[in-house]
Every structure is written in structure tokens, then in C-alpha cells.
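Excluded from the calculations below are hydrogen atoms, water molecules and symmetry mates; all remaining heavy atoms, backbone and side chain alike, are included. Order of appearance sets the numbers: ligands from 1, and atoms from 1 within every ligand.
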Amino acid sequence: MTTTIDTLTARAAVHAGSGQEMTLHQVEVAVPGPGQVRVRLRASGVCGSDRHVLDGDWTLPSPTIMGHEGAGVVESVGPGVTELQAGDHVVLTWFYPCLSCSACREGRSWVCTGSRSEECLLPDGTTPLSMDGQAVYPYLAVGSMAEYAVVPVQAAVRIPADVPFDVAALIGCSVATGVGAVVNDAEVKPGRSAVVIGSGGVGLCIVMGLRLAGAEPIIAVDVNDASLELAQGFGATHAINSSGRTTEDVAREIKELTDGGADYAFEAIGRVETIQQMPPFLTRGGTAVVVGLPPQDRPVALDLLAFAENGQRLLGSNYGSTVPARDFPLLARLYRSGRLPIDQLITRRRPLDEVNEAFEDMRAGARGRTVVLHE
Ligand code: APR
Ligand code: ZN
């Protein structure tokens with residue numbers, strides 16, 4: 001028996017350029033090509049990176065379908081796909097590996113040089129979405145704020161069907177990014193001290209990762225008391241509200257809590273000012289990890305003489321150096337066993353019609369993560 005797969009239409013949140021609100025449109029979704037799968041999305045996280053795009057911090061092909069933190073069910077598969085079948089529950093990755101560059105061949109797919117995710121394109125250079133005959137670009141080749149996505153099969157990772165879709169969506173970005181920064185990039189050992197600057201969706205995942213790794217103490221720094229309270233629920237042993245305080249003042253408090261400075265500092269906001277705070281918070285030999293992504297073309301000033309003299313390390317952490325096929329099922333397992341309480345990150349759920357309001361929540365400083373649910 002052969003089944004025919006047709007093009008579909010899907011409701012999608014389309015962003016036409018910086019400063020503009022997203023508008024809902026019906027877009028055409030192509031038939032999955034060779035090596036591709038079409039996914040019926042069920043949930044999309046509302047992430048700080050989407051906000052960077054909406055605010056014009058980074059330039060992208062336009063019009064864009066927002067959302068890169070998504071989960072759903074495989075609806076159909078293209079020719080040659082054997083790894084997945086219709087009905088599988090999947091988490092999407094926003095950095096699909098090309099599988100053929102030297103980094104991918106060495107098993108270091110997080111530094112793949114052949115992926116076209118950042119161009120919002122499929123491996124063959126096309127986009128599977130269009131609107132009135134015009135190409136539309138799914139953000140990071142995901143576009144999870146639409147009812148359907150077409151992605152290369154290696155961008156969709158099967159997870160157990162009993163993991164709720166909202167939790168699964170967060171595994172696809174904030175959880176992988178935050179836990180991966182701790183476990184894969186910094187490789188934090190038990191008993192080491194850590195500071196996390198920013199307790200938003202990503203910062204809270206870093207706190208969760210630090211608890212998993214056995215860090216002690218875990219100090220959360222934020223300007224919002226409600227976010228700090230949430231951080232303590234995820235394992236922060238101390239909370240510092242840095243609002244209106246100088247870096248030196250906060251550094252003094254951290255030094256008292258950590259015996260002279262933290263072994264690790266993680267920045268999870270993406271602000272030049274807070275990235276510059278990391279070295280003063282560290283002990284000699286400490287490691288600063290840049291997780292938050294600053295606007296493009298905004299250089300950061302660091303005292304590299306002090307940095308070198310103190311034997312400190314600076315790590316750039318992109319997507320927690322995640323290997324999706326390895327890490328997404330592992331993170332789902334840690335959620336199911338209660339070791340990663342990802343569900344507690346979700347403080348609000350909204351339908352797609354309220355996508356602009358979801359970003360307003362974020363700009364207004366809402367704590368935790370909002371998830372958009374597709375009916
Ligand atoms: N000092 C300390 N905390 C701050 C400051 C500041 N100057 N400014 C903002 N914050 C806090 C906010 O109160 C909030 O709790 O930082 C947090 C930011 O969280 P979100 O807006 O939820 O952002 P998130 O989704 O976590 O993303 C953070 O990571 O992946 C990147 O692109 C993403 O750059 C973004 C960053
Ligand atoms: Zn993200």
C-alpha cells in the first residue's frame with residue numbers, strides 16, 4: 001500500500017522584520033523530501049533568542065517563522081528515512097549536524113561547519129515553507145511557532161511518548177543549553193562553587209545542571225526577586241539581588257560565600273555589562289562561561305592581564321555543546337526520574353494566538369518559561 005503525502009497549510013507566527021509584531025498567517029508546508037521528516041508541532045518554548053531576533057539584535061532572512069524550541073509528532077517521512085516513522089514523538093534541534101564535515105565525523109557535531117541551520121535553510125539550501133508563493137524562513141530551520149515543520153531527519157530526535165510536549169520542547173533549547181554548559185562545556189566537578197548571572201529560562205537550567213553535577217555553593221544573581229526565588233527552588237544555595245549594586249560590592253559578597261571567589265561563573269542573560277562581571281566574581285584558576293548571547297557587534301572589555309595572571313579560563317558555550325541524538329534522550333530520562341524538574345520551569349502556557357503577549361511577558365520580567373501550545 002502506498003500513501004500519498006501532500007502539501008499542507010499551517011498556522012504560523014510570521015515575523016516580517018525587527019520592531020514589528022508577529023502576525024498569524026496560513027503558510028504552505030512542503031512534502032518532506034529525501035532524508036526529511038514533517039512534524040506536527042505541539043509545543044514551542046518562548047526563548048530569549050527569539051526575542052533577540054524580534055528586537056533586531058541579530059539579522060536573519062525574512063519573513064521568519066519564529067520559535068526554535070519545539071516538540072511534536074512525526075506526521076510523515078520523506079524517501080529513504082528509516083530512523084523515524086509517523087507517530088514518533090520528537091524533540092527538534094535548532095542546530096542540525098551536516099553529518100559529513102570533519103567535526104561531525106569526529107563526533108563533535110556541536111561545532112559542525114556544514115549545518116545550514118543558522119541560515120534558516122534545509123541542507124539543500126531550500127526552505128520548506130512559503131506564503132503566497134514567497135519563501136518564508138523557519139528560524140534556525142525549526143520555526144516551532146507554526147503547526148508544522150519540515151526538518152532533516154537528524155534534526156528530530158525520538159523521545160519517550162510519556163514525556164509531555166511542553167517539557168520536551170524545553171529539552172530542545174534551554175535545558176540542553178543550560179545543563180550542557182555545566183556538564184559538557186565547564187565539566188563542573190562535585191563540590192566546586194559556581195555563580196549564575198541571570199535566572200531566566202536558561203539560567204535556571206544552569207542551576208539545575210549545577211545541582212545535578214554536585215556544585216556547592218550555587219549562587220544565583222539576578223535583578224528580580226521572583227526569579228531568584230525560583231532559582232532557589234531549582235537548587236541555588238544563595239541568591240543575590242544585584243539591582244543598584246556595583247560589581248565590586250557583589251563580588252565581595254561572592255568572595256565571602258566562596259572562600260575567595262567562585263570556581264565557575266556562568267552568564268545567562270546576553271548583556272555586555274554582566275559578561276564583564278564574570279572575572280571579578282571568580283577565584284584564581286576560575287572559569288567564566290559565556291552562555292547568554294550578546295547583540296552582534298557589541299565587543300566586551302575584559303582585563304586580560306588580570307585574567308592571564310590569575311590563570312582563568314574563558315569558555316564560549318553554544319547550545320551546551322549538545323549532541324542531540326545522545327543528549328535529548330538522556331535529558332528526558334533525567335526528567336522522568338525526577339533529577340531534572342523541567343516541568344517546574346513552565347510558569348505559563350499560551351495558545352499560538354497569544355504569541356506576542358508571550359514575548360511581552362518576557363520583556364516585563366515574567367519568571368520561568370512560557371510555552372506556546374499548538375492545539
Ligand atoms: N543583572 C542580573 N540579572 C539580570 C540583569 C542584570 N543586569 N538583566 C536581566 N537580568 C535577568 C532577568 O531578570 C531574567 O531573570 O536575566 C534573566 C534573563 O532571562 P530570560 O529573559 O528568560 O532569557 P533566557 O531565555 O534565559 O535567555 C538568556 O541565553 O540563550 C541565550 O539568547 C539567549 O541571550 C539569551 C540568554
Ligand atoms: Zn533558545
A.B. asks: Check this for me, if you would: do D263 and K189 make a salt bridge, where the nitrogen-to-carboxylate-oxygen distance has to be below 4.0 angstrom?
C.D. replies: no

A.B. asks: Does ligand 1 have a heavy atom under 4.0 Å from the side chain of A268, from its backbone, from both, or from neither?
C.D. replies: backbone

A.B. asks: I want to know if ligand 1 touches N224 in the polar sense, i.e. an N/O pair below 3.5 angstrom.
C.D. replies: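 The answer is no, given that N224 and ligand 1 share no N or O pair closer than 3.5 Å.
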
A.B. asks: Only heavy atoms of R271, strictly under 4.0 Å: list the atoms of ligand 1 that pass.
C.D. replies: 7 (N), 8 (N)

A.B. asks: Determine whether V136 and T64 make a side-chain contact, defined as any pair of heavy atoms from C-beta on separated by less than 4.5 Å.
C.D. replies: no

A.B. asks: Under 4.0 Å from any heavy atom of R51, which atoms of ligand 1 are there?
C.D. replies: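 With R51 as reference, the close atoms of ligand 1 come out as 21 (O).
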
A.B. asks: Looking at Q36 and G33, would you say the former's side chain and the latter's main chain have a donor-acceptor pair under 3.5 Å?
C.D. replies: yes

A.B. asks: Of all the atoms in ligand 1, which lie at a distance below 4.0 Å from a heavy atom belonging to S227?
C.D. replies: 15 (O)

A.B. asks: Answer whether the closest heavy-atom distance between the side chains of N184 and W110 falls below 4.5 Å.
C.D. replies: no

A.B. asks: For ligand 1, which atoms, with element, lie under 4.0 Å from some heavy atom of G198?
C.D. replies: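 Taking each heavy atom of G198 in turn, ligand 1 has 16 (O) under 4.0 Å.
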
A.B. asks: Before we go on, tell me: are the rings of F165 and H374 under 6.0 Å apart, centre to centre?
C.D. replies: no

A.B. asks: Is there a polar contact between ligand 1 and T274, counting only N or O atoms under 3.5 Å apart?
C.D. replies: no

A.B. asks: Between R42 and D166 (salt bridge meaning N to carboxylate O under 4.0 Å), is one present in this structure?
C.D. replies: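 Salt bridge absent between R42 and D166.
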
A.B. asks: Answer yes or no for T177: is there a heavy-atom contact with ligand 1 below 4.0 Å?
C.D. replies: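 T177 does not count as a contact of ligand 1 under the 4.0 Å cut-off.
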
A.B. asks: So T370 and F359, do their side chains get closer than 4.5 Å, heavy atoms only?
C.D. replies: no

A.B. asks: Tell me which one of G368, G200, G45 gets a heavy atom nearest to atom 20 (P) of ligand 1.
C.D. replies: G200

A.B. asks: Any Lys/Arg nitrogen of R158 or E83 sitting under 4.0 Å from an Asp/Glu carboxylate oxygen of the other?
C.D. replies: no

A.B. asks: For atom 29 (O) of ligand 1, state which one of A231, G292, C205 supplies the nearest heavy atom.
C.D. replies: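 Of the listed residues, G292 has the closest heavy atom.
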
A.B. asks: Would you say that Y148 contacts L129 through its side chain, given a criterion of any heavy-atom pair below 4.5 Å between the two side chains?
C.D. replies: no

A.B. asks: Purely on distance, is any nitrogen or oxygen of G201 under 3.5 Å from one on ligand 1?
C.D. replies: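 Yes, G201 has an N/O under 3.5 Å of an N/O on ligand 1.
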
A.B. asks: Can you list the steps and then say if S49 with Y139 is a side-chain hydrogen bond (donor to acceptor under 3.5 Å, both in side chains)?
C.D. replies: CA-CA 10 Å; S49 299; Y139 181 38; 4.8 Å; no

A.B. asks: Please classify the S199 to ligand 1 contact at 4.0 Å (heavy-atom distances, strictly less than): side chain, backbone, both or neither.
C.D. replies: backbone

A.B. asks: Rounded to the nearest 0.5 Å, what separation is found between the CD1 atom of I240 and the CD1 atom of I219?
C.D. replies: 5.5 Å

A.B. asks: If the cut-off is 4.0 Å to any non-hydrogen atom of S49, which atoms of ligand 1 fall inside it?
C.D. replies: 30 (O), 32 (O), 33 (C)

A.B. asks: Before signing off on this row, confirm whether G48 and ligand 1 have an N or O atom pair separated by under 3.5 Å.
C.D. replies: yes

A.B. asks: Could you see which bit of R367 sits under 4.0 Å from ligand 1, with heavy atoms only: side chain, backbone, both or neither?
C.D. replies: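 The answer is neither.
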
A.B. asks: Would you tell me which option among V291, V196, I269 has the nearest heavy-atom contact to atom 9 (C) of ligand 1?
C.D. replies: I269

A.B. asks: Under 3.5 Å, N or O to N or O, is L293 touching ligand 1 that way?
C.D. replies: yes

A.B. asks: Quick test of your reading of the structure: of V223, D225, N318, whose heavy atom lies closest to atom 6 (C) of ligand 1?
C.D. replies: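 Ranked by closest heavy atom to atom 6 (C) of ligand 1, first place is V223.
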
A.B. asks: For atom 12 (C) of ligand 1, which candidate among D222, V202, N241, L228 provides the closest heavy atom?
C.D. replies: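 It is D222 whose heavy atom sits nearest to atom 12 (C) of ligand 1.
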
A.B. asks: Quick one: does E273 get a heavy atom under 4.0 Å from ligand 1?
C.D. replies: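 False for this residue.
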
A.B. asks: How wide is the angle at the Zn ion (ligand 2) between SG of C173 and NE2 of H68, to the nearest 10°?
C.D. replies: 120°

A.B. asks: Give me the nearest non-hydrogen protein atom to atom 25 (O) of ligand 1 as residue plus atom name, then the distance to 0.1 Å.
C.D. replies: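 Going by distance alone, atom 25 (O) of ligand 1 is nearest to R369 NH1, 2.7 Å.
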
A.B. asks: Are side-chain N/O atoms of T287 and Q312 paired as donor and acceptor at under 3.5 Å?
C.D. replies: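 Looking only at side-chain atoms, Q312 and T287 do not form any donor-acceptor pair under 3.5 Å.
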
A.B. asks: Return a yes/no value for H52: is any of its N or O atoms, backbone included, closer than 3.5 angstrom to an N or O of ligand 1?
C.D. replies: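 N/O-N/O distance under 3.5 Å: yes.
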
A.B. asks: Can you check whether S44 reaches M66 side chain to side chain, under 4.5 Å on heavy atoms?
C.D. replies: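 They are not in side-chain contact.
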
A.B. asks: Do the charged groups of E75 and R38 touch, with an N to O distance under 4.0 Å?
C.D. replies: yes

